[in-house]
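On a predicted model such as this, the values are computed, not experimentally measured, just so you know. Ligands are counted one by one from 1 in listed order, and the atoms in each one are counted from 1 as well. Only this structure's heavy atoms are used, side chains among them; waters, hydrogens and symmetry mates stay out.
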Amino acid sequence: MEKLLEVENLSVSYFTYAGEVQSVRGISFDVKKGKTTALVGESGCGKSVTAKSLMGLIEKPGKVKPESKIIYQGKELTGYTEKEWNTFRGKECSMVFQDALVSLNPTMKVGKQIAENLKNHESSLSKEEIYQKSLEMLKQTGVPDPEGCMNKYPHELSGGMRQRVMIACAMVTHPQLLIADEPTTALDVTIQAQIIALMEELQEKLGMSIIIITHDLGVVADMADEIIVMYAGEIVERGTARDIFYHQQHPYTWALLQSVPRIDDEDKTILNTIEGNIPDMIYPPKGCSFCTRCPYAMKICEEEKPKVTHITDEHSVACWLMDPRADRSGVPFGRTDALSLIHISEPTRPISIS
Ligand code: SF4
């Protein structure tokens, strides 16, 4: 399948007085045309920093490190000037944020805000054409009384309506890539479902790719073609929604899944929390970043980074439990028969697992 975006070895650090905060550490992934990729993980795992770097929005003291590559339709973006990023943003790639009330301009009517984005990228359009296109986009988001809505200020709309307006602002230029950063977190569940359905509908109509960022795996269960689980600035597991929900292999993915409420849970099981905190990213652990919180940690986990194991072309995991010598007894996740499918790269030096 054709790739729209390829991210290779992306590393982003913030250079603070306390030291170098290594927010994103050498991640690689791609986004296919017309498909949805979900970046999942708890706050501080680097997913929003990743999204910002794809839009050229990393500001000082942050820096995208020189070894990083962001390739969009064959073009390398990391060397872009501010002017080139400005053309790219909005036209090729747009972003929807969590809190529409903060992101929308409170002093500007909705219609003007949608039109503004279009004007910046389609200078040849007349005033009337801009109005009509903005109105058409607002209609497509399902806002009731779109003409009336064009003349309202953001504070006059409900949270769900504001989120629809923000999607209209992002989509009015028909970008190839939509990045949605926690787009439903501030909404109640029924509105959440409507916003997700709207993004899927627009994707089908307009054919764009979506990167959705969330801490809640439940939000992307039906929507994502690929799920990338991040922890402490690294990718720990990636796979299709089926891989992640039914055959997950990483203790962190399993822990995240245990914290998603299930509608069919008649026993009202108490939701799991993950004890402890993410590591200090100025001094990230030498071995596996999850080792201080992982109930299955072995000695080697503290000493050496786990290799990436490819279970299938689409499903991979970075965990020492994938090593054939590891004792998986008592490990409650994933299918043990999947182990027979595993191809594991040969370790570069002898390892001991204890
Ligand atoms: Fe746990 Fe070790 Fe796997 Fe890390 S590598 S997730 S510490 S078992």
What atoms of ligand 1 come within less than 4.0 Å of a heavy atom belonging to Ala297?
7 (S)
Quick one about Gln203 and Thr36 (side-chain donor to acceptor, distance below 3.5 Å, no hydrogens or angles considered), yes or no?
yes
Among protein heavy atoms, which lies nearest atom 5 (S) of ligand 1, and at what distance?
Trp320 N, 3.2 Å
Tell me which protein heavy atom sits closest to atom 4 (Fe) of ligand 1, plus the residue, atom name and distance to 0.1 Å.
Cys288 SG, 2.3 Å
Note the single closest protein heavy atom to atom 6 (S) of ligand 1, along with its residue, its atom name and the distance in Å.
His250 CE1, 3.5 Å
Distance filter under 4.0 Å to Leu321 heavy atoms, resulting ligand 1 atoms:
8 (S)
Pick one of side chain, backbone, both or neither for how Cys291 approaches ligand 1, counting any non-hydrogen atom pair under 4.0 Å.
both
Looking at Glu303 and Lys299, is any side-chain nitrogen of the basic one under 4.0 Å from a carboxylate oxygen of the acidic one?
yes
Is it true that Lys91 and Glu122 have a side-chain N and a carboxylate O under 4.0 angstrom from each other?
yes
Under 4.0 Å from one or more heavy atoms of Tyr296, ligand 1 contributes atoms 8 (S)
Are the side chains of Thr37 and Ile210 in contact, using a 4.5 Å heavy-atom criterion?
no
Quick test of your reading of the model: are Glu82 and Arg89 salt-bridged, counting only N-O distances below 4.0 Å?
yes
Nearest protein heavy-atom contact for atom 3 (Fe) of ligand 1: which residue, which atom, what distance?
Cys319 SG, 2.3 Å
Aromatic plane relationship, Phe290 with His250 - under 30° parallel, 30 to 60° tilted, over 60° perpendicular:
tilted
What residue and heavy atom of the protein are closest to atom 2 (Fe) of ligand 1, and at what distance?
Cys301 SG, 2.3 Å
Quick one: does ligand 1 sit under 4.0 Å from the side chain of Cys294, the backbone, both or neither, non-hydrogen atoms only?
side chain
In terms of side-chain geometry, is the basic nitrogen of Glu6 or Lys32 positioned less than 4.0 Å from the acidic oxygen of its partner?
no
